[in-house]
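The structure appears below as structure tokens.
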Amino acid sequence: MVSEGVLLGMGNPLLDISAVVDDGFLHKYDIKLNNAILAEDKHLPMYDEMAKNYSVDYIAGGATQNSIRVAQWMLQIPGATTFIGCVGKDKFGEEMKKNAKLAGVNVHYYEDENAGTGTCAVCVVGGERSLIANLSAANCYKSDHLKQPENWALVEKAEYFYIAGFFLTVSPESIQLVAEHAAANNKMFMMNLSAPFICEFFKDAQEKVLPYMDIVFGNETEARTFSKVHGWETDDVEEIALKISQWPKASGTYKRITVITQGPDPVVVAEDGKVKKFPVILLPKEKLVDTNGAGDAFVGGFLSQLVKEKPIEDCVKAGCYASNVIIQRPGCSYPAKPDFE
């Protein structure tokens, strides 16, 4: 049986402002598809422009929160998952709280008095997405909130932890606290490479916590960037996955597993010096709505079986199932019930 609060996620809760745009819009704001960046001043007008000129969906998002929501949906056990992050005291924050509760996730948001809830522009062209995050309140998370007895109790209750790499830009101290707790208590700690810019510009923060990671998730672009940054001189995803899995570990309880998705190409899993490949469920192009949330959903599906102590191939299958569902819908949304066997 899966116990209450078994899976805890911590990250940046963002409201996705999602629209199908055009190449002109991408060019105007210097946006590349299949990428994720933090908003700079030049990007700030785009949020209003999207709302004015395009048909916009508002969807509760943020990478870690997406994965936790999908895991919760796959598990169908109320309160099996917990999420911690920072929102503003505003209508977006209230909306997100309502969304998360409806999804069955136990959210413990730190509410910032001064900053608005973070938003993420999701620009979709031809089904491919680009993410531009304006973190705002999400950037204000403090480890003091995590240390409060009622919140630390959630950490103590959980057996599995998942944090997207994006949170390294916000509160490395909070990540370290959870990572050390997991290592000391034989619990499983997992992170995601998340984006090329994390591997490039937050390399030191990422390296500091890497020894604690029992499972590392990522996609092929992030894996290749990680390889380049570390001077490995290889673009071979299987080789990179293997090298990441062999990086020294803080605790010997689990051997590290690296899981790299490659869009429509097979998922690469490196474990114990060996690489396995698992095919994804292929989708006819006309059924693709957008790829926003596909990687997050893969992780959510994977985690839903991991917490049931299922073998890795079942976890990968569930990940592939969940991402296949999500790419046929706008953003990281899903039907009422999963039908995963």
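The basis for the numbers below is simple: all heavy atoms, side chains too, and nothing from hydrogens, waters or symmetry mates. Numbers here are sequence positions counted from 1. Here the structure is a predicted model, which means the values were calculated and not measured.
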Flag the pair Asp272 and Lys255 as a salt bridge only when some basic side-chain nitrogen lies within less than 4.0 angstrom of an acidic carboxylate oxygen.
yes
Show the nearest heavy-atom pair for residues Tyr58 and Leu15, with the distance to one decimal.
CD2-CD2, 3.8 Å
Does the Ser245 side chain pair with the main chain of Thr258, one donor and one acceptor, at a distance under 3.5 Å?
no
Under 3.5 Å, is there a donor-acceptor pair between the side chain of His108 and the main chain of Phe83?
no
Tell me yes or no: between the side chains of Asn186 and Thr253, is some donor less than 3.5 Å from an acceptor?
yes
Taking Gln262 for the side chain and Glu220 for the main chain, is one N or O donor matched with an acceptor at less than 3.5 Å?
no
Is it true that Met74 and Ile326 fall in one hydrophobic cluster, defined by side-chain heavy atoms closer than 4.5 Å?
yes
Hey, what do you get for OG1 (Thr82) to CD (Gln72), rounding to the nearest 0.5 Å?
9.0 Å
Transitively linked via ILVMFWY side-chain contacts under 4.5 Å: Met188 with Val2?
yes
Compare all side-chain heavy atoms of Met10 with those of Thr64 and state whether any distance is below 4.5 angstrom.
no
How close do Cys86 and Ala137 get, counting heavy atoms only, and between which atoms?
SG-O, 3.2 Å
Any side-chain heavy-atom pair of Val20 and Tyr54 under 4.5 Å:
no
Decide side chain to side chain donor-acceptor pair (under 3.5 Å) for Gln328 and Asn324; before the verdict, give the C-alpha distance in whole Å, the side-chain angles of both, and the deciding distance to 0.1 Å.
CA-CA 7 Å; Gln328 297 182 63; Asn324 180 264; 3.1 Å; yes
Can you check side chain to side chain donor-acceptor pair (under 3.5 Å) on Asp90 and Thr117, steps first, answer last?
CA-CA 7 Å; Asp90 53 18; Thr117 295; 2.7 Å; yes
Leu154 and Ile68: same hydrophobic cluster, using ILVMFWY side-chain contacts below 4.5 Å?
no
So do the side chains of Val21 and Val124 get within less than 4.5 Å of each other, counting heavy atoms only?
no
Are Glu313 and Lys317 within salt-bridge range, i.e. N to O under 4.0 Å?
no
Using 30° and 60° as the class boundaries, would you call the ring planes of Tyr110 and His145 parallel, tilted or perpendicular?
tilted
Any non-hydrogen side-chain atom of Gln206 less than 4.5 Å from a side-chain atom of Phe226?
yes
Show your reasoning for whether side-chain contact (heavy atoms from CB on, under 4.5 Å) applies to Thr81 and Asn106.
CA-CA 6 Å; Thr81 62; Asn106 176 20; over 6 Å; no
Are any of the side-chain heavy atoms of Glu94 and Val87 separated by less than 4.5 Å?
no
Can you tell me how the ring of Tyr162 sits relative to the ring of Phe217, calling it parallel under 30°, perpendicular over 60° and tilted otherwise?
perpendicular
Begin from the C-alpha positions of Trp152 and Lys147 and carry the test side-chain contact (heavy atoms from CB on, under 4.5 Å) through to its verdict.
CA-CA 5 Å; Trp152 191 252; Lys147 290 174 186 165; 5.6 Å; no
Check Lys42 with Asp30, please: is the shortest side-chain N to carboxylate O separation under 4.0 Å?
yes
Determine, step by step, whether Asp23 and His27 satisfy the side chain to side chain donor-acceptor pair (under 3.5 Å) criterion, reporting the C-alpha distance in whole Å, the side-chain angles of both residues, the deciding distance to 0.1 Å, and the verdict.
CA-CA 6 Å; Asp23 289 328; His27 189 71; over 6 Å; no
Do the side chains of Glu271 and Lys276 get close enough for a salt bridge, i.e. N-O under 4.0 angstrom?
no
Passing option when Phe340 is tested against Tyr334, Phe302, Trp73, Tyr321 for ring-ring contact (aromatic ring centres under 6.0 Å, His included)
Tyr321
Heavy-atom pair with the smallest gap, counting every atom of Gly62 and Asp16
N-OD1, 4.2 Å
Using side-chain heavy atoms (C-beta onward) and a distance below 4.5 Å, is Met190 in contact with Tyr160?
yes
Evaluate Asp214 against Lys187 for salt bridge (Lys or Arg N to Asp or Glu O under 4.0 Å), listing each step before the verdict.
CA-CA 9 Å; Asp214 297 307; Lys187 296 178 177 184; over 6 Å; no
What distance separates Glu222 CD from Phe197 CZ, expressed to the nearest 0.5 Å?
10.0 Å
Is any side-chain N of the basic residue among Glu49 and Lys52 closer than 4.0 Å to the acidic one's carboxylate O?
no
Backbone N/O of Asp290 and side chain of Arg129: donor-acceptor pair under 3.5 Å
no
Going hydrophobic residue to hydrophobic residue with side-chain gaps under 4.5 angstrom, can you get from Phe161 over to Met191?
yes
N/O donor-acceptor pair under 3.5 Å between Lys142 side chain and Asp144 backbone:
no
May I ask you to decide if Lys32's main-chain N or O and Ser130's side chain share a donor-acceptor pair within less than 3.5 Å?
yes
Could you check whether any side-chain heavy atom of Asn292 comes within less than 4.5 Å of a side-chain heavy atom of Leu131, counting everything from C-beta outward?
yes
Heavy-atom count around Glu233 CD within 6.0 Å, excluding the residue itself: above 12?
no
Looking only at heavy atoms, what is the nearest atom pair of Val70 and Ala322, with distance?
CG1-CB, 3.8 Å
Do you know the tightest heavy-atom contact between Thr291 and Glu128?
OG1-CA, 3.7 Å
One thing to verify: whether Lys277 and Asp265 come together as a salt bridge, which I'm taking to mean a side-chain N less than 4.0 angstrom from a carboxylate O.
no
A quick test of your reading: do over 12 heavy atoms of other residues, nucleotides or ligands sit less than 6.0 Å from NZ of Lys249?
yes
Check step by step if side chain to side chain donor-acceptor pair (under 3.5 Å) holds for Ser18 and Asp57.
CA-CA 5 Å; Ser18 178; Asp57 283 319; 5.3 Å; no
Could you check if a side-chain atom of Leu146 sits within less than 4.5 angstrom of a side-chain atom of Ile84, using non-hydrogen atoms only?
yes
Taking the six-membered ring for Trp, are Trp247 and His230 closer than 6.0 Å centroid to centroid?
yes
Would Glu238 and Lys243 pass as an ion pair if we require N to O under 4.0 Å?
no
Determine yes or no for a side-chain-to-main-chain donor-acceptor pair under 3.5 angstrom, with Arg69 supplying the side chain and Ala297 the backbone.
no
To check you understand the geometry: which heavy-atom pair defines the closest contact between Cys123 and Ile31, and what is its length?
SG-CD1, 4.2 Å
Give the C-alpha distance, both sets of side-chain angles, the deciding distance and a yes or no for side-chain contact (heavy atoms from CB on, under 4.5 Å) between Phe189 and Ile163.
CA-CA 8 Å; Phe189 180 79; Ile163 303 174; 3.8 Å; yes
How are the rings of Phe167 and Tyr141 set relative to one another: parallel (under 30°), tilted (30 to 60°) or perpendicular (over 60°)?
tilted
Output yes when a side-chain donor or acceptor of Arg224 lies under 3.5 Å from a complementary backbone atom of Thr234, and no otherwise.
no
When clusters are formed by joining ILVMFWY residues with side-chain heavy atoms under 4.5 Å apart, either directly or through shared neighbours, do Val316 and Leu282 land in the same one?
yes
Between Ser227 (side chain only) and Ala223 (backbone N and O only), is there a donor and an acceptor less than 3.5 Å apart?
no
Working to the nearest 0.5 Å, report the span between CG of Asn12 and OG of Ser136.
11.0 Å
Measure from the side-chain N and O atoms of Ser194 to the backbone N and O of Gly165, and report whether any donor-acceptor pair falls under 3.5 Å.
yes
I'd like to know whether CD of Glu286 has more than 12 heavy-atom contacts from other residues, nucleotides or ligands below 6.0 angstrom.
yes
